[in-house]
Amino acid sequence: MAIFNPENSIWRVTGKLVDLMILSVFWLACSLPVVTLGPASAALYHTVVQCIRGNRRDSWTLFFRTFRDNLKVGALTTLVVLAVGAALLFLHGLAYQMAAAGTAESVFYLCYTFLLLLPLGVACYLFPVLSRFTFGVGGLLSNCARLAIVHLPSTLAMALELYLALELLLRIPFIALVSFSGVTALFQSLFLERIFAPYIRAQLGAEEDGENSDR
């Protein structure tokens with residue numbers, strides 16, 4: 001019967017959902033040392049795009065290969081992100097304490113909280129960009145900051161989604177752990193792949209020109 005055909009659309013969708021949950025578990029396991037959060041996120045994003053949105057079927061192999069390939073730059077970038085994040089959260093705590101002093105301080109606190117969406121948005125670009133392009137730590141940070149500003153509406157949308165996903169993770173950790181990272185990567189790919197498209201085409205064009213010149 002057609003319903004038992006592995007190529008049936010129901011089975012394919014079910015398979016992708018199962019893969020998405022397994023990839024989320026892989027991401028969690030590879031992120032536990034904390035410093036490897038970056039390469040794990042790069043591996044998750046690349047695998048979601050290629051295997052969940054695309055038609056590749058080697059999701060487990062692709063995840064760990066991408067993790068390995070981006071380990072060095074991803075880990076160093078993670079250290080920078082953690083340091084900046086800790087500083088911003090410390091300042092947020094100070095602003096929260098100041099907010100009790102009066103109206104002006106409360107307005108400052110609200111403005112500062114809103115502005116935190118921008119660095120959170122930059123973070124949304126970092127490891128997806130690392131998974132698709134080759135950069136050192138400095139080039140990765142600077143180029144992602146530019147992308148975040150140029151594509152500000154998409155940046156704010158991704159930052160808000162990531163914030164809500166983290167809130168869900170904190171409130172319902174058991175349920176969210178098995179799905180939130182994969183679902184977040186899938187959601188953000190809807191913005192990021194559109195943003196990446198012209199750069200990928202330019203990169204492919206440059207590679208083709210290089211091959212032609214070598215002949």
Quick one: pull up CZ in Arg53 and NZ in Lys16 and give me the separation to the nearest 0.5 Å.
-> 10.5 Å
Tell me whether Val49 is reachable from Phe196 by hopping between hydrophobic residues (I, L, V, M, F, W, Y) whose side-chain heavy atoms are closer than 4.5 Å.
-> yes
Close side-chain approach of Pro128 and His46, heavy atoms under 4.5 Å = no
Taking side chain as C-beta onward, heavy atoms only, is Trp60 less than 4.5 Å from Ile22?
-> yes
Nearest atoms (heavy-atom pairs only) where Thr78 meets Val34 | CG2-O, 3.4 Å
Give a yes or no on whether Tyr96 and Val107 share a hydrophobic cluster (residues Ile, Leu, Val, Met, Phe, Trp, Tyr; joining criterion: side-chain heavy atoms under 4.5 Å apart).
-> no
Hey, is CZ on Phe133 packed in by over 12 heavy atoms from elsewhere, all under 6.0 Å?
-> yes
Would you give the length of the straight line joining atom CZ of Arg57 to atom CG of Leu62, rounded to the nearest 0.5 angstrom?
-> 15.0 Å
Test log, rule side-chain contact (heavy atoms from CB on, under 4.5 Å), inputs Leu126 and Leu141 = CA-CA 7 Å; Leu126 286 173; Leu141 292 168; 3.8 Å; yes
Smallest heavy-atom separation, Leu37 atom then Ser31 atom, equals CD1-OG, 3.6 Å
When clusters are formed by joining ILVMFWY residues with side-chain heavy atoms under 4.5 Å apart, either directly or through shared neighbours, do Trp27 and Val18 land in the same one?
-> yes
Heavy-atom nearest pair, Ala99 first then Ser106, reads O-OG, 2.8 Å
So, does Thr36 use its side chain to make a donor-acceptor pair with the main chain of Cys30 at under 3.5 Å?
-> yes
Ring centroid separation for Phe127 and Tyr45, is it under 6.0 angstrom?
-> no
So SG of Cys124 and CG of Leu147: to nearest 0.5 Å the spacing works out to 12.5 Å
Under 3.5 Å: donor-acceptor pair, side chain of Ser24, backbone of Gly182 | yes
Can you tell me how far CG of Leu89 sits from CG of Leu116, rounded to the nearest 0.5 angstrom?
-> 7.5 Å
Nearest heavy-atom approach of Phe63 to Ala43 is O-CB, 3.2 Å
Please find out if less than 6.0 Å separates the ring center of Tyr109 from that of His92.
-> yes
Where do Leu130 and Thr77 land on the side-chain contact (heavy atoms from CB on, under 4.5 Å) test, with the steps shown first?
-> CA-CA 10 Å; Leu130 180 61; Thr77 305; 5.5 Å; no
Should Leu164 and Val183 be counted in the same cluster of Ile, Leu, Val, Met, Phe, Trp and Tyr side chains packed under 4.5 Å apart?
-> yes
Of all the heavy-atom pairs spanning Leu120 and Ala159, show the shortest one and how long it is.
-> CD2-O, 3.4 Å
Less than 4.5 Å apart, any side-chain heavy atom of Cys51 and any of Asp19?
-> no
May I ask you to check whether Phe26 and Phe64 place their ring centres under 6.0 Å from each other?
-> yes
Between the main-chain N or O of Met158 and the side-chain N or O of Gln188, is there a donor-acceptor pair closer than 3.5 Å?
-> yes
Spatial distance of atom CD1 (Ile195) from atom CG (Leu190) [nearest 0.5 Å] = 11.0 Å
After noting the C-alpha distance and the side-chain angles of Asp58 and Arg65, does the key distance pass the side-chain contact (heavy atoms from CB on, under 4.5 Å) rule?
-> CA-CA 11 Å; Asp58 57 339; Arg65 184 191 307 134; 4.3 Å; yes
Working for side chain to side chain donor-acceptor pair (under 3.5 Å), residues Thr47 and Arg56 = CA-CA 9 Å; Thr47 308; Arg56 288 188 61 165; over 6 Å; no
In this structure, OH of Tyr112 is separated from CG of Leu94 (nearest 0.5 Å) by 8.5 Å
Same hydrophobic cluster for Phe67 and Val48, using side-chain heavy-atom links shorter than 4.5 Å among ILVMFWY?
-> no
Evaluate the side-chain contact (heavy atoms from CB on, under 4.5 Å) criterion for residues Arg146 and His151: first the C-alpha distance (whole Å), next the side-chain angles of each, then the deciding distance (0.1 Å), finally the verdict.
-> CA-CA 8 Å; Arg146 292 191 191 99; His151 302 280; over 6 Å; no
Correct closest heavy-atom pair for Tyr125 and Ala148 would be CE1-CA, 3.6 Å
